[in-house]
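Both counts, for ligands and for their atoms, begin at 1 and track the order of listing.
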Amino acid sequence: MSTLSLIAVDLLVALVGVGTWLGAAIAAASGRTRATRFLAVSAVAVTLVRVAVVGVLAGRGWWFVQEKVVFALPLVVLVGAVAVVVLGTRGVAAAVVPLYGAGFAAAVGVLSPLLTGYPMGVGQALASLAVAAGATLLAWRFTAGPAAPTRRLLVPVIVLGLVGVGLELLPASSGAADGPIRTVVSELRGPATPAPGGSVRRFELAARKASITLASGTLVEAWTYNGSAPGPEITAVEGDLIEVTLTNVDIESGVTLHWHGYDVPNAEDGAPGVTQAAVLPGGRHVYRFLADQVGTYWYHTHQVSSEGVRRGLFGALVVRPRPTDAGADADADPGADADTVDLTLPVHTFDGIVTLGTHDGVQELTVAPGRPVRLRVINTDSTPHRVSLVGTEFRVVAVDGYDLHEPGLVRGEALRVPAGGRVDLSFPVPDGAVALLVDDDPARATLWINGDRASTVDTAASVDTTGWPELNLLAYGTPAPTPFGPDSAFDRDFTLVLDRGLALVDGVPMFAQTVNGAGYPNIPDQRVREGDLVRVTVVNRSIETHPWHLHGHRVLVLGTTGSPLWLDTFDVRPGEVWRVAFRADNPGIWMNHCHNLDHASQGMVLHLSYEGVGSPEGVGTPHHGH
Ligand code: C2O
Ligand code: CU
């Protein structure tokens with residue numbers, strides 16, 4: 001059974017437990033002896049089932065059961081045992097209050113963790129205890145009338161609750177003593193010259209509002225770079241220097257450029273409030289970095305990114321290997337192999353319309369059979385997309401810009417692309433038609449090679465990919481040496497438990513997306529020293545998918561059986577535990593966040609910070625910095 005199903009079963013059993021304990025209490029209060037006995041026995045049975053379910057769930061990781069083991073189960077087992085003993089020895093009338101107690105104990109054991117998420121602390125436990133006790137007193141007063149000694153007991157219960165709440169509100173000490181700052185982020189700039197043989201590629205991007213027209217004619221009021229969304233594709237050849245001048249015409253909340261998946265020097269990273277101040281209307285910022293990673297990447301604003309990226313402030317960044325034959329370096333599409341049909345396909349949802357580039361419907365292409373094709377799919381949305389290729393077998397040659405080792409032929413399997421992720425597919429054009437489908441929907445954004453509108457309709461039945469399994473990238477391709485692996489000695493070991501709960505986000509209390517029970521900026525930094533080998537375990541206790549993304553470093557997924565997987569964004573689905581590792585070789589202060597950008601704005605953001613590196617003055621308030 002999957003961890004998520006176990007979590008669901010546990011929740012169901014727990015709710016049945018609440019129902020049976022409270023049912024027994026109500027039956028006892030109305031003097032129905034047989035019903036009380038029956039319900040109490042059922043409640044005991046259900047509680048024992050829950051203990052067993054939690055036992056199995058514990059095998060999936062302590063993070064999934066912590067609050068159940070330290071709080072919920074002991075409480076309901078203890079109070080339930082008292083109730084059953086009283087019922088057995090002193091009869092139904094005497095058991096009313098203990099049975100209510102067991103019911104309310106079971107109830108807070110379920111509700112309190114749902115409300116505040118992982119981990120359950122002492123303060124939360126005390127406060128929850130007080131709520132259960134208060135509810136029991138109320139029930140007592142209700143059933144026994146003014147004779148009940150509830151007034152006397154009320155004061156200790158209130159004190160218990162206040163102590164609990166107080167402990168919860170106590171500011172967590174940041175722990176790590178900040179050593180001396182030797183470098184400020186703004187000093188960590190990119191180089192001013194390209195690598196030997198490379199050239200300088202200059203781009204100018206002006207952020208402004210514009211209405212864009214999708215291929216079907218639909219108008220979208222977008223936020224754009226240079227009037228188009230996606231923005232201009234930035235291309236270069238390995239070794240070039242990329243220089244981008246960003247200006248802002250009329251995006252009032254400000255903009256930046258973040259090079260997603262590109263491990264640029266920290267000051268070029270475009271994280272407002274951390275590496276620079278957001279560029280406000282009339283402002284300007286120049287980014288410079290070496291094109292030293294080949295592959296498919298993208299750029300996007302990082303200021304109020306949940307809104308900015310959704311509205312269109314993004315574009316592709318593609319770096320190709322330097323051609324061996326120097327003459328082939330055509331400026332229009334640097335490094336492109338003239339024979340290959342090389343297409344960059346950002347998948348984006350504008351106003352609810354899924355697009356491939358700017359195509360919201362069927363896009364047709366005619367290519368001579370036999371010619372090689374490379375499709376670079378980029379998911380610029382906040383939720384995953386499924387991509388399927390019909391009519392040919394293909395290879396997944398790269399993921400997140402990194403070439404896979406000996407990728408095998410794929411046919412009849414779909415690819416899941418996490419928010420922010422990229423896959424590069426490669427195949428020679430066959431004699432028949434080929435279709436690239438997004439989310440199994442041939443009627444929406446679809447790319448046809450050597451097919452036409454008519455064939456789209458005719459073959460709609462044959463392009464039904466809904467039942468295709470998902471290609472398992474963890475076992476795809478063949479192993480190859482990596483600089484470190486699951487058995488390496490790690491200098492740092494971090495765990496991020498993703499959940500939902502009440503937390504402060506930018507000082508505002510909300511039902512937040514939390515990491516280890518806290519929201520931005522109260523999640524402690526991951527502190528590393530340059531050179532450290534770092535392992536990170538990411539656990540998803542929630543019922544939503546969290547595409548985890550670390551800036552400035554590509555992480556190696558530990559425990560793969562196929563090609564090494566170096567990713568910058570990986571989907572941690574509900575109940576999943578991911579172990580990844582990286583070398584801390586890019587000093588700075590880096591964002592580390594969920595790339596469901598709405599989740600990020602609801603608190604799911606922290607920093608990876610290097611010892612000795614400090615934030616510069618005047619980068620602006622971090623308030624809108626994610
Ligand atoms: Cu693609 Cu912090 O982002
Ligand atoms: Cu998330």
Within less than 2.8 Å of atom 2 (Cu) of ligand 1, any N, O or S from [X]?
X: His549; answer: no
X: His260; answer: no
X: His258; answer: no

Handout entry: Metal-centred angle, the Cu ion (ligand 2) as apex - ND1 of His546, ND1 of His599, 10° resolution
Key = 100°
Exercise for the section: Work out which heavy atom in Pro232 is nearest to a heavy atom in Tyr225; give both atom names and the distance. Expected result: CD-O, 3.6 Å
Exercise for the section: To the nearest 10 degrees, could you say what angle atom 1 (Cu) of ligand 1 makes with NE2 of His595 and NE2 of His300? Expected result: 110°
Handout entry: Ionic contact status for Glu576 with Arg60, cut-off 4.0 Å
Key = no
Problem - Salt bridge present between Arg201 and Glu233 (N-O < 4.0 angstrom) - result: no
Exercise for the section: Kindly say whether the aromatic ring centers of Tyr299 and His260 come within a distance under 6.0 Å. Expected result: no
Exercise for the section: Specify whether Phe289 and Tyr262 have parallel, tilted or perpendicular ring planes, treating 30° as the upper limit for parallel and 60° as the lower limit for perpendicular. Expected result: tilted
Problem - Exceeds 12 heavy-atom contacts within 6.0 angstrom, atom OH of Tyr402 - result: no
Practice task
To 10°, measure the NE2(His593)-atom 2 (Cu) of ligand 1-NE2(His302) angle for me.
Solution key: 120°
Practice task
Examine Cys594 and say whether one of its N/O/S atoms is closer to the Cu ion (ligand 2) than 2.8 Å.
Solution key: yes
